[in-house]
Amino acid sequence: MSLPLKRPLLIGVTGGIGSGKTTVCRIFEAFGIPVYYADDRAKWLVDHDAILKADITRLLGPEAYGPTGYYDRSWVAAQVFGKPDLLLQLNALIHPRVYADTALWASDFSEKPYVIKEAALLRAAGEDGNNLDKLIVVQSPLELRIQRVHKRDPHRSEKEIKNIISRQISDEERIEMADYVIYNNETQLLIPQVIRLHEIFSRAQE
């Protein structure tokens, strides 16, 4: 009788725009930990996953893919704007495919004690079948986040950045979901916080 394949822990990393969650993930990568960038991967899936493309076309119509055959994000955004029910239906198509893709990706790293999934929006570990084992929230002060986004995207005005932040869930809601919090506030050293969690997760499977 064969033993079940060992799977690595799946650790989520999330945070608001400008919090520095990608920076945190780059540090984990420096320790040899694979990172699944869910938002980038979701963009790839809506263009290349045949089942997902068919489902989105049935929901929104062939215009969702335009003449080039690639997902027309601007057109789709206009269709779902102000229509929360339609947006929920769209997300209900995309999210399960991302979950399945994450699980398939993680299965390639059975020799690792844990892997990371980074996304702008993640729920608490185990909630909604998201298959996360733990959730890290990266936390930064609002003004610092605005400065970072403006430096990264100088075409965005402060008003636009604040508008994006206002549409995301609050810091309080994120911290309530978190198993661990990393403070990226330029007063606490970032790397030692990541090292501490790396050591915890590396020992968890022993």
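This one's a predicted model, so the numbers in the text were calculated from it and none came from an experiment. Basis for what follows: all heavy atoms, side chains included, without hydrogens, waters or symmetry-related copies.
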Under 6.0 Å between ring centres, would you say that holds for Trp105 and Phe109?
yes
Find out whether Thr57 and Tyr65 are in side-chain contact, i.e. whether some heavy atom of one side chain is under 4.5 Å from a heavy atom of the other.
yes
Rounded to the nearest 0.5 Å, what's the gap from OG on Ser157 to CD on Glu160? Could you check?
5.0 Å
Acceptor/donor pairs from residues 83-95 side chains to any protein atom, 3.5 angstrom cut, sequence neighbours excluded:
from	atom 1	to	atom 2	distance (Å)
Lys83	NZ	Gln79	O	3.4

Separation between CD1 (Ile191) and CD1 (Ile195), nearest 0.5 Å, reads 6.5 Å
For Asp153, which residues count as a salt bridge (charged side-chain N to carboxylate O under 4.0 Å, His left out) partner, sequence neighbours excluded?
Arg156
First locate atom CZ of Arg174, then atom CE of Met177, and finally report the distance between them rounded to the nearest 0.5 Å.
7.5 Å
Taking atom types as modelled and ignoring hydrogens, do the side chains of Gln188 and Asn185 form a donor-acceptor contact shorter than 3.5 angstrom?
yes
Evaluate the side-chain proximity of Ile200 to Tyr180: yes if any heavy-atom separation is below 4.5 Å, no if none is.
yes
Shortest non-hydrogen contact from Ala106 toward Val115
CB-CG2, 4.1 Å
Which label fits Phe31 and His198: parallel for a plane angle under 30°, tilted from 30 to 60°, or perpendicular past 60°?
parallel
If you count heavy atoms of other groups shown closer than 6.0 angstrom to OH of Tyr70, is the number above 12?
no
Let me confirm one number: the CD1-NZ distance from Ile51 to Lys53, rounded to the nearest 0.5 Å.
13.0 Å
Quick check against the 3.5 Å criterion: does Gln168 have a side-chain atom that pairs as donor or acceptor with the backbone of Ile17?
yes
At their closest point, which heavy atom of Ile11 faces which heavy atom of Leu132, and how far apart are they?
C-CD2, 4.3 Å
Between Ser110 and Ser107 (side chain of the first, backbone of the second, donor and acceptor by atom type, cut-off under 3.5 Å), is there such a pair?
no
If you compare all heavy atoms of Pro154 against all heavy atoms of Lys151, which two are closest, and at what distance to 0.1 Å?
CD-O, 3.8 Å
Lys21 side-chain N/O to Gln139 backbone N/O, donor-acceptor pair under 3.5 Å
no
Transitively linked via ILVMFWY side-chain contacts under 4.5 Å: Leu9 with Ile182?
yes
Nearest 0.5 angstrom please: Ile146 CD1 to Ser140 OG, how far?
12.0 Å
What pair of heavy atoms forms the shortest contact from Val138 to Gly20, and how long is it?
CG1-C, 4.1 Å
Is Val98 close to Leu45 at the side-chain level, that is, under 4.5 Å between some pair of heavy atoms?
yes
Any Phe81 side-chain heavy atom under 4.5 Å of Val76 side chain
no
Checking Gln193 side chain against Tyr183 main chain: does a donor-acceptor pair fall under 3.5 Å?
yes
Salt bridge (charged side-chain N to carboxylate O under 4.0 Å, His left out) filter on Glu63, not counting sequence neighbours, yields none
Please tell me whether Ser202 and Glu199 have a donor and an acceptor in their side chains that are separated by less than 3.5 angstrom.
no
Would Trp75 and Leu52 show up in the same hydrophobic cluster when neighbours are defined by side-chain heavy atoms closer than 4.5 Å?
yes
If you compare all heavy atoms of Ala178 against all heavy atoms of Val181, which two are closest, and at what distance to 0.1 Å?
CB-CG2, 3.9 Å
Run the side-chain contact (heavy atoms from CB on, under 4.5 Å) test on Val149 and Arg152 for me, step by step, so that the C-alpha distance in whole Å, both residues' side-chain angles and the decisive distance to 0.1 Å come before the verdict.
CA-CA 5 Å; Val149 176; Arg152 184 187 73 197; 4.1 Å; yes
For the CZ atom of Arg41 and the CZ atom of Arg97, what is their distance to the nearest 0.5 Å?
11.0 Å
Are Lys134 and Phe201 in a cation-pi contact, defined as NZ or CZ under 6.0 Å from the six-membered ring centre and within 45° of the axis?
no
salt_bridge(Lys117, Asp133) N-O dist < 4.0 Å
no
Determine, stepwise, if the pair Asp179 / Ile136 fulfils side-chain contact (heavy atoms from CB on, under 4.5 Å).
CA-CA 6 Å; Asp179 296 294; Ile136 300 168; over 6 Å; no
Looking only at atom types and distance, does a side-chain atom of His48 sit under 3.5 Å from a main-chain N or O of Trp44, one as donor and one as acceptor?
yes
Using atom types as modelled, flag every donor-acceptor pair under 3.5 Å from a side chain in residues 33-40 to any protein atom, sequence neighbours excluded.
from	atom 1	to	atom 2	distance (Å)
Tyr36	OH	Asp101	OD2	2.6
Tyr37	OH	Arg26	NH1	3.0
Tyr37	OH	Glu29	OE1	3.0
Asp39	OD2	Ala120	N	3.0

Do Glu118 and Thr22 have side-chain N/O donor and acceptor atoms under 3.5 Å apart?
yes
For Asn184 and Pro141, work out which heavy atoms get closest and say how close.
O-CD, 4.4 Å
Give a yes or no answer on whether the side chain of Arg145 reaches the backbone of Ile161 with a donor-acceptor pair at less than 3.5 Å.
no
Residue list, side-chain hydrogen bond (donor to acceptor under 3.5 Å, both in side chains) with Asp72, at least two apart or on another chain
none
Ignoring hydrogens and angles, tell me if any N or O in the side chain of Thr14 forms a donor-acceptor pair with the backbone of Val137 under 3.5 Å.
no
Would you kindly confirm whether Ile164 and Leu142 end up in one hydrophobic cluster when ILVMFWY residues are joined by side chain heavy atoms under 4.5 Å apart?
yes
Salt bridge (charged side-chain N to carboxylate O under 4.0 Å, His left out) against Arg148, all qualifying residues, sequence neighbours excluded:
none
